[in-house]
> 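Please find one structure pasted underneath; my questions will follow.
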Amino acid sequence: MDNEISTQPHGMEDVEIQEWLESLDSVLESSGPEVAAEILERLREHATVNGIDLPFTANTPYANTIPPRLEPLFPGDQELERRIKSLIRWNALAMVVRANRVEHNIGGHISTYASAAALYEVGFNHFFRARTEEFEGDTVYFQGHASPGIYARAFLEGRISAQQLENFRRELKPGGGLCSYPHPWLMPDFWEFPTVSMGLSPLMAIYQARFNRYLEDRGMKPVTDAKVWAFLGDGETDEPESLGAITLASREKLDNLIFVINCNLQRLDGPVRGNGQIIQELESAFRGARWNVIKVLWGSEWDPIFERDTEGLLVQRMGELVDGEYQKLVVSSGAYVREHFFGSDPRLLQLVEPLPDEVLRRLRLGGHDPRKVYAAYKAAVEHKGSPTVILARTIKGYGLGEAGEGKNVTHQQKKLNEDELREFRSRFGIPLNDEDCIEVPFYRPAEDSVEIQYLRARREALGGYVPKRSIRSKPLVADHDELFKEFLEGSDGREVSTTMAFVGMLRKMLKDAEIGKLVVPIVPDEARTFGMESLFRTAGIYSSVGQKYEPVDVNTLLYYKEAKDGQILEEGITEAGSMASFIAAGSAYATHGINTIPFFIYYSMFGFQRIADFIWAAADMRTRGFLLGGTSGRTTLSGEGLQHQDGNSQVLALPVPNIKAYDPAFAYEIAVIIQDGIRRMYKDGENIFYYITVMNEPYAMPPISGNVKDGILRGMYRFRASANVKAKLRAQLFGSGAILNEVLRAQEILETKYGVAADVWSVTSYKELYNDGNETERWNRLHPGEKARVPYVTKCLADAPGVLVAASDYLKTLPNMISKWMPRRLASLGTDGFGRSEGRAALRDFFEVDSRFITLATLHELFVDGKIERSVLDKAIKDLGINTDKPNPVIS
Ligand SMILES: Cc1ncc(C[n+]2csc(CCOP(=O)(O)OP(=O)(O)O)c2C)c(N)n1
Ligand SMILES: [Mg+2]
C-alpha cells in the first residue's frame with residue numbers, strides 16, 4: 001500500500017527525521033493543524049518545483065483520522081449504553097439461533113450485526129433524528145444483513161413483540177413475524193428503504209441526499225440539516241453501483257450525506273482484500289473523489305501505545321499488514337499477536353511489554369469503541385462542504401468467539417453450541433444462568449429498568465423511533481379532466497409520435513395549478529432524443545449552483561438553461577442514477593410528505609434490461625410515478641440494431657407485481673392511462689407505479705371514440721370493427737403500440753383482397769389482461785360454490801367471431817400468455833430475436849410483424865380451420881411478396 005512511512009530512507013539518520021517530526025509537532029502545538037497543513041502543502045509544492053518526484057497518494061497512514069486530543073467528550077452513559085448494546089446483541093443472536101432451531105436452514109445472519117453493533121448504537125443513542133411534525137428527520141439506510149440487530153433494538157423499544165422476534169423469517173405464522181431484510185413492502189410501518197441487494201443502497205442514498213437538496217432549492221421543503229446515513233458492508237463496495245456515483249455526491253457538495261462502511265475486512269466467502277487493504281483502497285477512492293474521509297481504525301486502548309511510540313513505528317507497522325494477516329490476528333492468541341505483529345521490531349515489542357497477552361488480544365478496534373465512533377459521527381455531521389465516509393474497522397462476528405469471530409465461515413453462522421452460547425452470554429453480561437441461556441430466550445429488562453428508561457429517553461430526545469415509515473402527504477384533489485382533454489382529441493391528421501404526444505402532456509402537466517410543481521421530469525441525457533429540449537428553457541434543468549457560464553446556445557429559443565430552481569433532473573448517462581432519483585421522488589410522499597410525481601423517460605432498452613433490480617427495489621419501496629420507455633419497439637426504432645431495439649421490456653415488466661405496464665398506440669390512450677395513474681397513485685394512494693412504452697414513429701393520432709377508457713385501462717378494447725358483419729370469413733386482430741397500424745393495414749388488405757372481415761383490437765396491456773385472467777381463475781378455484789367469474793379477455797371476445805391473430809413489437813409470449821382465456825386458438829406474431837440495423841419496413845419484414853405477415857397469419861388460420869383453400873394461401877404468399885425461405889429471425 002501507499003501509506004508506508006520509511007524512517008530510514010537511503011541511510012538517512014534517524015535523528016534528522018526526528019528533527020523534522022519534532023518541528024512539525026511544535027508547529028502543530030503552537031499554531032494548530034491548519035498552519036501545519038499549510039506548511040506541508042508548501043513543502044510539497046516546493047519539493048515538486050525542485051524536481052523531487054513525489055508519488056501520488058490519496059492515502060493517509062493506517063491510523064485514526066481523529067487524534068485523541070481532538071476527540072469530543074462522549075455525552076452518554078457509556079456503561080449503560082454498553083449494557084443496552086449487549087442486550088441487543090443477545091436478542092439479535094437469539095432470533096437467528098431460535099429461528100434455525102425451529103426450522104433448520106431458515107437462515108439469518110448473526111455476524112454482520114455483531115460487527116456493526118456499536119456503529120448502530122451510537123447512531124441510535126446520539127444521532128439518528130426521527131421524523132416529527134417539526135423536523136423532517138434523518139434518513140437511514142440500514143445494511144440489510146444487520147436487520148436482526150435493528151429488530152432486536154425495536155424489541156427493547158417495545159415496538160416489536162417477542163412473538164414477532166420468534167417468527168423472524170417466518171412471516172406467515174399466526175400473529176405475524178418479521179421479514180428477513182428491510183422490505184417496506186412487507187413492513188410498511190417500519191422499513192423505509194430496501195437495501196439488501198447490495199450496491200443499491202449507496203447509490204440510492206446519494207441520489208436521496210441530492211433529491212433533498214433539489215426539494216430545498218425549488219422551495220418545496222424547508223432547508224434543514226437533516227442527514228442521509230447509509231450503512232454499507234466493505235464487501236458491498238465491490239458492487240459497481242456502490243462507488244459509481246460518489247463523484248456526484250462530492251460535486252454536489254452533499255454534506256447532508258454520510259456513508260458508514262463497516263470494514264470488518266470480510267465478506268461472505270472470505271476476506272474482502274486478503275492480499276491488500278480494503279480500508280486504504282476505499283480511502284483513496286473516496287478522497288480522490290473529494291469526500292471527507294474519517295478512518296476509525298483503533299479503539300481507545302491503543303491510544304497510550306501510540307503515544308509511547310514517538311518514532312511512528314506502530315503506524316508504519318500497521319500499514320504493512322495485509323487484511324488476510326489482520327484477520328489472522330483476530331482469531332489468534334495474545335502471544336501470537338505479540339510475536340507476529342509487534343515482534344517485527346524490538347522497539348515495537350517494547351511498546352507493549354507491560355501489557356499481558358490477554359490485553360493484547362483484546363485491544364479493541366475503532367468500530368467497536370463508542371467513543372471513537374461518536375467522535376467520527378460528530379465530525380461527520382458537523383462537516384461542511386462535502387459528503388463524509390466513515391471507514392470503521394470492526395471484527396466480523398465480534399463476540400462470537402470460537403463460534404465464528406473473524407472466521408471465514410462466520411457470515412453464515414446460525415447455530416451456536418451450549419459452550420459458545422454461555423461464552424457469549426458471559427462476555428456480554430446477559431443476566432441468564434447457565435441453564436436458561438442455552439434455551440436462548442429473548443431478554444428484555446423490565447419497563448422501569450434503567451436500561452429501558454435510558455433507551456427510551458434517548459429516542460425521545462431524538463424525536464422518536466427509527467426506522468419508522470409513515471405516509472405524510474395529503475392526497476391530490478383535482479380530477480385533471482381539463483388537463484388531459486386536448487389529448488383525447490387526436491392530431492387532426494398531423495403525424496406525431498407517441499413520444500411527442502407524451503412530451504406535449506408533460507409540458508401541459510408542468511403548467512397545471514395542482515400538479516405543475518410536483519412533476520419531476522428525469523432524463524439520462526436523452527432529452528433531445530425524445531424532443532424534450534423545449535422544456536430546458538421553460539422548466540429549467542436543475543443545478544445546485546445555477547448556471548455559471550453562458551450557454552453556447554444562449555441566443556436560441558431552446559437554450560440549455562441550468563437553474564437552481566430548475567425542475568428537470570438531467571442526470572447524464574446514468575440510468576441507475578436516474579432510477580435512484582425516480583425512487584427518491586416517487587417515495588417523497590412518505591419520506592417528505594410531498595407528492596412529487598416523477599416521470600423518468602429513457603431509452604427503453606436501457607431500463608428493465610439494465611436496471612431491473614433498482615426497479616424491483618422501487619416496487620418494494622412502494623414508489624409511485626411513471627417510467628417511460630422511449631424509442632421502444634424492436635422494429636419501431638429503426639437503424640439502431642440489436643443493442644437498442646427493445647422487444648423485451650414489456651416482458652421484463654411482468655415479474656414486478658405492482659407495476660402497470662402499457663404499450664399504447666395512440667395519444668389518447670396515453671392520456672387516459674396517465675390521468676388514471678395520477679388518480680390511483682396520488683389521490684387514492686395505491687402502491688403502484690407505471691411503465692409506459694412510447695415510440696418515435698410518427699403517424700396521425702385518432703381521437704378517442706366511444707366508451708373505451710375502461711378498456712384502455714384494463715388492457716384491450718375494440719378499436720375498429722369491420723363494417724362487413726355479414727362476411728363469411730371473419731377474424732379478430734390484436735395489435736399494440738406502433739404495430740397496431742400494421743394490424744389496421746392488414747385489416748384493410750384482408751377485407752379488400754380476401755373478403756375477410758376483421759375487427760381490430762388495441763391491446764394496451766398484456767400484463768393487465770394476464771393478471772386479470774389469473775386472478776379470475778384463482779377466484780373461481782377458491783370459490784367453487786359461487787357463480788364462476790369470467791376473465792376480461794373472455795368477456796371481450798364472447799361474441800367476436802373468426803380466427804384470432806395478435807401482433808406486437810415484443811416477444812410472442814405476451815399474446816400467448818393470455819390465449820388460454822380466448823375462445824379459440826391464437827396465432828401470435830412478435831419480435832423474438834436479435835434486432836438488426838435497418839429501417840422499419842425491412843425490420844418488420846424480417847421479424848414478420850408487418851401487415852403482410854399479419855394478413856398471411858390470418859389467412860393461414862382460416863385455412864387451418866378449413867375456411868379457405870390452399871390455393872388462396874399460396875397465391876397470397878406470392879401476392880404479398882413473402883419469402884418463405886427467409887431466415888428465422890429468432891435465431892438468426
Ligand atoms: C447484489 C447482491 N449480491 C450478493 C448478495 C449475497 N450476500 C449477502 S451478504 C454478502 C456478504 C456481505 O459482505 P459485506 O458487504 O462485507 O458485509 P458484512 O456482512 O461483512 O458486514 C453477500 C455476498 C446480496 N445480498 N446482494
Ligand atoms: Mg464485510
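Start at 1 and go down the list; that is how both ligands and their atoms are numbered. On a predicted model such as this, the values are computed, not experimentally measured, just so you know.
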> Among the N/O/S atoms of Asp234, select the one at the shortest distance from the Mg ion (ligand 2) and name it.
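When I compare the N, O and S atoms of Asp234, OD1 is nearest to the Mg ion (ligand 2).
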> Taking backbone and side chain together, does Glu236 place any N/O/S atom at a distance below 2.8 Å from the Mg ion (ligand 2)?
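Given the 2.8 Å cut-off, Glu236 does not count as a ligand of the Mg ion (ligand 2).
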> Of the backbone atoms (N, CA, C, O) and the side-chain heavy atoms from C-beta on, which set of His145 has a member under 4.0 Å from an atom of ligand 1: side chain, backbone, both, or neither?
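His145 to ligand 1: side-chain contact only, backbone stays beyond 4.0 Å.
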> I need the contact type for Asn264 against ligand 1. Using non-hydrogen atoms and a strict under-4.0 Å cut-off, is it side chain, backbone, both or neither?
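Looking at Asn264 and ligand 1, just side chain atoms fall under 4.0 Å.
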> Examine the proximity of ligand 1 to Asp234 and report which part, side chain or backbone, both or neither, has a heavy atom under 4.0 Å away.
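The answer is both.
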> Establish whether atom 4 (C) of ligand 1 and some protein heavy atom are separated by less than 4.0 angstrom.
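When distances to the protein are checked, atom 4 (C) of ligand 1 has no heavy atom within 4.0 Å.
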> State, yes or no, whether a side-chain contact exists between Ile430 and Leu87 at a heavy-atom distance under 4.5 Å.
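Contact flag for Ile430/Leu87 side chains = yes.
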> Has ligand 1 got any nitrogen or oxygen that is less than 3.5 angstrom from a nitrogen or oxygen of Val272?
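By distance alone, the answer is no.
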> Considering both backbone and side-chain atoms of Gln143, is one of its nitrogen or oxygen atoms within less than 3.5 Å of a nitrogen or oxygen in ligand 1?
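It does: an N or O of Gln143 is found under 3.5 Å from an N or O of ligand 1.
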> Ignoring angles and geometry beyond distance, decide whether Leu268 reaches within less than 3.5 Å of ligand 1 through its nitrogen or oxygen atoms.
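Leu268 vs ligand 1: no N/O contact under 3.5 Å.
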> Are Val466 and Arg459 packed together at the side-chain level, in the sense that at least one heavy-atom pair is separated by less than 4.5 angstrom?
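When only atoms from C-beta onward are counted, Arg459 and Val466 do touch, with a gap below 4.5 Å.
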> Counting backbone and side chain alike, does Asn264 bring an N/O/S atom below 2.8 Å of the Mg ion (ligand 2)?
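Short answer: yes, at least one N, O or S atom is under the cut-off.
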> Please indicate whether any nitrogen or oxygen in Ser115 is less than 3.5 Å from any nitrogen or oxygen in ligand 1.
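So ligand 1 has no N or O lying under 3.5 Å from an N or O of Ser115.
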> Protein heavy atoms near atom 11 (C) of ligand 1, is at least one of them under 4.0 angstrom away?
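Protein heavy atoms within 4.0 Å of atom 11 (C) of ligand 1 - there is at least one.
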> Using 2.8 Å as the threshold, say whether any N, O or S atom from Gln266 sits that close to the Mg ion (ligand 2).
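Under 2.8 Å: Gln266 contacts the Mg ion (ligand 2) through an N, O or S atom.
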